[in-house]
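Take a look at the structure below.
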Amino acid sequence: MKFLKQLKYTLLKAIDLSGLTFLAPIVRLCYGEEPKVQMQKIGQWILIPLAAVLAFLFLWHITSGGIQTKSGTLPNPAQTWIGYNAIDKQAERENLKMKAYELTGEERETMLQQARAQLVEVEKRVITSNQAVDEAKAAVTEKTKKLIDPLDAEYDAKKAEYKAAANARKEALIAKADTLTQGNQAAYTAYLEEVKAAEEQYESEKEHLSVLKKEISKIRDLKSPKVADALLAQTLAAEEAQFLKKQIELLSDRNKAIEIEEASGKISESNTEFLTLSGKEAYDKARSIAKAESRLKKAEESEYAKPATIWYQVKRSIFCVFTGFIIGTAIAVPIGILCGLNSTFMAAMTPFIAIFKPVSPIVWLPIALIIVSGLIPDPDNNPLMEFLWDLPIIGEYKINPAFIASAVTVALCSLWATLANTALGVASIDKDHMNVARVLKLGFFARLFKIVIPSALPLIFAGLRISLGVGWMVLIAAELLSSSEGIGKFVWDQFNNGASDSLAKMMVVVFLVGIIGLILDRIMIVFQRMVTFDGAVSV
């Protein structure tokens, strides 16, 4: 019984620390604490938000079909989920290809047989999906033709009619101009009005033709949902077939073990032949063996050139935002402390804060790129880059000038909230604490680490939480503009791709960015609550 009671308080404390306070009523209800009150709280903080999410999904589903774009209609929730599966599947396939490249022995043979059997079935799907696309396009073409033919006929008839009428008006006006008597101002004025009326009529007829043309173009540009679904099925089948062919290739001809075995066999044969040669033939064969051994060594050290998958890009983006966040924190906290301790220093810093705080990341990024590229003109031969690439975990992300520029941009745009909150926290320290420090004759650093920073920590972490959120928003734009590997670049690649499911994949990224941002915020809430003792509620 005592254990269960202790468990209750431990769970409630963990929930409060994490900021997930909506879970507290569930724990309390499980322990029979005021069931009616807890049910009301569960309805308010769990059921109502859940209902709001379901309502959002329903509205999204019924309205998405009416939002027409050049890439088709806005993807609905089901299509967005399919886009997520496609992204995740692509990452999984890249892992399988890398595994196929490294596999040896019986396991390689088993996977090879499975891949060949799967390819036979997938190729049938490819044929079926191609036929479905052709049928859907033919049906849409026929339907479009029925809608456009009457409009085309009307456009051609009106164009001919308006042209004939314009020519008739022109000839009549020219003939009337011959009858004008010089000096008869009233006649000239009346004639001018007739010409103006004729021009207005011409513009009106021209506008009518333009409206008809736009209506025809609008019908031609309409995207059929059936064609879009058929194209999606075709794309998925083609991608799977392409993957299986590549997997088979990596399990057979281009498998690392097979390439090494074949190269070793050829070198062995060449060595046997070399022992029977002399003169120039021996020299040529020796050179051939040396080159073959060099290629064999490279093959033994080679790794599968795995392209950046969405999950790699997510990890790289998170690493980049934390790099920029740490740089910004390292700048903001010391300056904020000095601003809070010294009003004169605060006055000196105020103009810089006021000027640089509103600057957009779109302005900072090109400047950062130019400076970083100037400092690191040749990343492949730069000692710092080589050192970072050789590090165990960091080296996986291949840090380059674009990565550094993105991180610096995050730092420059996100440090202001931390700076302001740090200054406020330090300035708000109880004067009695500082007086006690003076009485105890504590030195500057002793006061700093024993009184100033501990007292200001709650506000410092509040600023850090805001800064991390700002940094995450800034990073996506920075990666998109700098073409640095990450979520931003993934969105830009999909935008330029123009595939039938590109828009759905971009919608997936919207939720992915939001969920990661939420997780980062929850992490900062935990740290903030660990140094906050006033019981303030975090949202």
Side-chain angles (χ1 to χ4, degrees), residues 84-129 234-277 284-316 319 380 386 388-399 485 490:
Y84 167 77
N85 287 331
I87 292 172
D88 187 55
K89 180 66 74 175
Q90 190 264 341
E92 181 186 348
R93 285 170 178 168
E94 290 302 329
N95 290 331
L96 286 172
K97 285 193 278 189
M98 184 170 67
K99 182 180 178 181
Y101 180 70
E102 302 285 348
L103 272 181
T104 58
E106 191 174 326
E107 191 177 359
R108 181 186 66 81
E109 288 294 336
T110 303
M111 182 178 280
L112 180 59
Q113 291 174 7
Q114 290 174 349
R116 283 172 174 163
Q118 289 174 4
L119 182 60
V120 172
E121 297 300 319
V122 171
E123 284 180 336
K124 293 177 183 177
R125 278 176 47 209
V126 170
I127 295 171
T128 304
S129 63
Q234 182 189 49
T235 300
L236 294 176
E239 286 178 350
E240 188 171 357
Q242 184 181 20
F243 155 69
L244 289 169
K245 288 175 182 176
K246 185 67 177 178
Q247 188 183 32
I248 290 169
E249 183 183 347
L250 291 169
L251 287 165
S252 52
D253 298 337
R254 290 192 56 199
N255 181 264
K256 182 177 180 179
I258 292 176
E259 287 183 344
I260 291 172
E261 185 180 348
E262 289 178 352
S264 299
K266 290 179 180 179
I267 290 172
S268 178
E269 291 176 5
S270 297
N271 278 323
T272 303
E273 187 180 350
F274 171 65
L275 296 175
T276 63
L277 300 175
D284 291 340
K285 182 58 69 175
R287 283 194 64 194
S288 175
I289 292 171
K291 289 180 180 179
E293 288 179 347
S294 176
R295 287 194 297 269
L296 176 60
K297 186 178 180 181
K298 288 179 181 179
E300 290 172 341
E301 296 173 352
S302 68
E303 295 179 357
Y304 175 70
K306 182 181 174 183
T309 63
I310 182 64
W311 304 122
Y312 170 82
Q313 289 170 319
V314 165
K315 289 189 290 184
R316 197 172 191 270
F319 178 51
D380 293 332
E386 291 176 355
L388 292 173
W389 293 346
D390 290 336
L391 292 176
I393 298 174
I394 295 175
E396 176 188 347
Y397 299 103
K398 289 295 178 185
I399 294 174
E485 286 292 348
F490 177 84

> If you count the non-hydrogen atoms of other residues, nucleotides and ligands that lie under 6.0 Å from CD in Glu261, is the total more than 12?
Replying inline: no
>> Please determine whether the number of non-hydrogen atoms from other residues, nucleotides or ligands lying under 6.0 Å from atom CD of Glu107 exceeds 12.
In response: no
> Are Arg116 and Val120 close enough, and set up right, to give a side chain to side chain contact (heavy atoms under 4.5 Å, CB included), and what steps lead you there?
Replying inline: CA-CA 7 Å; Arg116 283 172 174 163; Val120 172; 6.0 Å; no
>> Taking salt bridge (charged side-chain N to carboxylate O under 4.0 Å, His left out) as the cut-off, I'd like each qualifying pair that reaches into residues 288-297, sequence neighbours left out, listed once.
In response: none
> Nearest heavy-atom pair of Ile248 and Ala115: which atoms, and what distance?
Replying inline: CG1-CB, 3.7 Å
> What closest approach, in Å, do Glu259 and Asp253 show between heavy atoms, and which atom pair accounts for it?
Replying inline: CG-O, 3.8 Å
> What is the distance from atom CG of Leu119 to atom NZ of Lys124, rounded to the nearest 0.5 Å?
Replying inline: 11.5 Å
>> Show every side-chain hydrogen bond (donor to acceptor under 3.5 Å, both in side chains) that has at least one partner inside residues 237-248, sequence neighbours left out.
In response: Arg125-Glu240
> So, does Lys398 use its side chain to make a donor-acceptor pair with the main chain of Trp389 at under 3.5 Å?
Replying inline: no
>> Working to the nearest 0.5 angstrom, can you tell me the gap between Asn271 CG and Lys285 NZ?
In response: 9.5 Å
> Just by distance, do the side chain of Ser264 and the backbone of Ile260 share a donor-acceptor pair under 3.5 Å?
Replying inline: yes
> Would you find more than 12 non-hydrogen atoms of other residues, nucleotides or ligands less than 6.0 Å from Ile393 atom CD1?
Replying inline: no
> Are Tyr101 and Ser302 close enough, and set up right, to give a side chain to side chain contact (heavy atoms under 4.5 Å, CB included), and what steps lead you there?
Replying inline: CA-CA 10 Å; Tyr101 180 70; Ser302 68; 2.7 Å; yes
> How far does CD of Glu109 sit from CG of Leu251, to the nearest 0.5 angstrom?
Replying inline: 9.0 Å
> To the nearest 0.5 Å, how far apart are CZ in Phe490 and OH in Tyr312?
Replying inline: 15.0 Å
> For the atom pair CG (Leu250) and CG (Leu103), what is the distance rounded to the nearest 0.5 Å?
Replying inline: 10.5 Å
Which pairs of donor and acceptor atoms, one on a side chain in residues 87-99, lie under 3.5 Å apart (sequence neighbours left out)?
residue, atom, partner, partner atom, Å
Asp88, OD1, Trp311, NE1, 3.0
Glu94, OE1, Tyr304, OH, 3.3
Glu94, OE2, Lys97, NZ, 3.0
Asn95, OD1, Lys306, NZ, 2.3
Asn95, ND2, Ala91, O, 3.4

> At their closest point, which heavy atom of Ala238 faces which heavy atom of Val126, and how far apart are they?
Replying inline: N-CG2, 4.2 Å
>> Rounded to the nearest 0.5 Å, what separates atom CD in Glu269 from atom NZ in Lys266?
In response: 9.0 Å
>> Treating Asp390 as the side-chain partner and Gly395 as the backbone partner, does any N or O pair qualify as donor plus acceptor under 3.5 Å?
In response: no
>> For Tyr397, is there any backbone N or O sitting under 3.5 Å from a side-chain donor or acceptor partner on Arg316?
In response: yes
>> Tell me the closest heavy-atom pair linking Thr276 and Thr272, and the distance in Å.
In response: CG2-O, 3.9 Å
